[in-house]
Amino acid sequence: YEEWLRIPGAAARCCEVMLSPYIDPANGAPYVVVVTHDVTERVMTEQARKESEARLRRIFDTATEGIWLVDLETRTIQVNQALCSILHRK
């Protein structure tokens, strides 16, 4: 699981936390092994990507100009509603 850690005087960090049970073979005592990995950069990058995609989607959906997305072989990827209206298509 992921957990945000807030340390006084430092920036919050997001850590991936993995817990594993462990039994000490010498005495049979149960322990929990905790392994953490700082994933703050990945989490922040993913959040920025989602926000950027949402902004692009809003622009695409609300533009009054027709937008026609094509790939390198000029195949249609997507068109917005404004272009459909301009071309009298549904």
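Reckoned from all heavy atoms, side chains included, excluding hydrogens, waters and symmetry mates. This is a predicted model, so every value here is computed, not measured.
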Could you give the distance from CE (Met18) to OH (Tyr1), rounded to the nearest 0.5 Å? 11.0 Å
Asp38 versus Thr40, closest heavy-atom pair with distance: OD1-OG1, 2.6 Å
Would you check if the side chain of Ser85 reaches a backbone N or O of Gln81 as a donor-acceptor pair within less than 3.5 Å? yes
Given side-chain contact (heavy atoms from CB on, under 4.5 Å), test Val79 with Cys84 step by step and report yes or no. CA-CA 7 Å; Val79 297; Cys84 292; 3.8 Å; yes
Using 0.5 Å steps for rounding, measure from the CD1 atom of Ile86 to the OG1 atom of Thr64. 8.0 Å
Is the backbone N or O of Val17 less than 3.5 Å from a side-chain atom of Thr36, with the two atoms forming a donor-acceptor pair by type? no
Within the distance-only criterion (no hydrogens, no angle test), does the side chain of Asn80 pair as donor or acceptor with the backbone N or O of Ile67 below 3.5 angstrom? yes
Quick one: do Arg42 and His37 satisfy side-chain contact (heavy atoms from CB on, under 4.5 Å)? Show the steps, please. CA-CA 11 Å; Arg42 178 182 56 82; His37 179 71; over 6 Å; no
Cluster link Trp68 to Leu56, ILVMFWY, side chain under 4.5 Å: no
As an exercise, state the distance from CZ of Arg13 to CG of Leu5, rounded to the nearest 0.5 Å. 10.0 Å
Check whether more than 12 heavy atoms from other residues, nucleotides or ligands sit under 6.0 Å from atom CE of Met44, and answer yes or no. no
When you check the gap from the basic side-chain N to the acidic O, do Glu46 and Arg49 get nearer than 4.0 Å? yes
Minimal heavy-atom distance between Ala63 and Ala82, with the atoms involved, is O-CB, 3.4 Å
Within the supplied structure, the quantity of interest is the number of heavy atoms (other residues, nucleotides, ligands) at a distance under 6.0 Å from Glu53 CD; does it exceed 12? yes
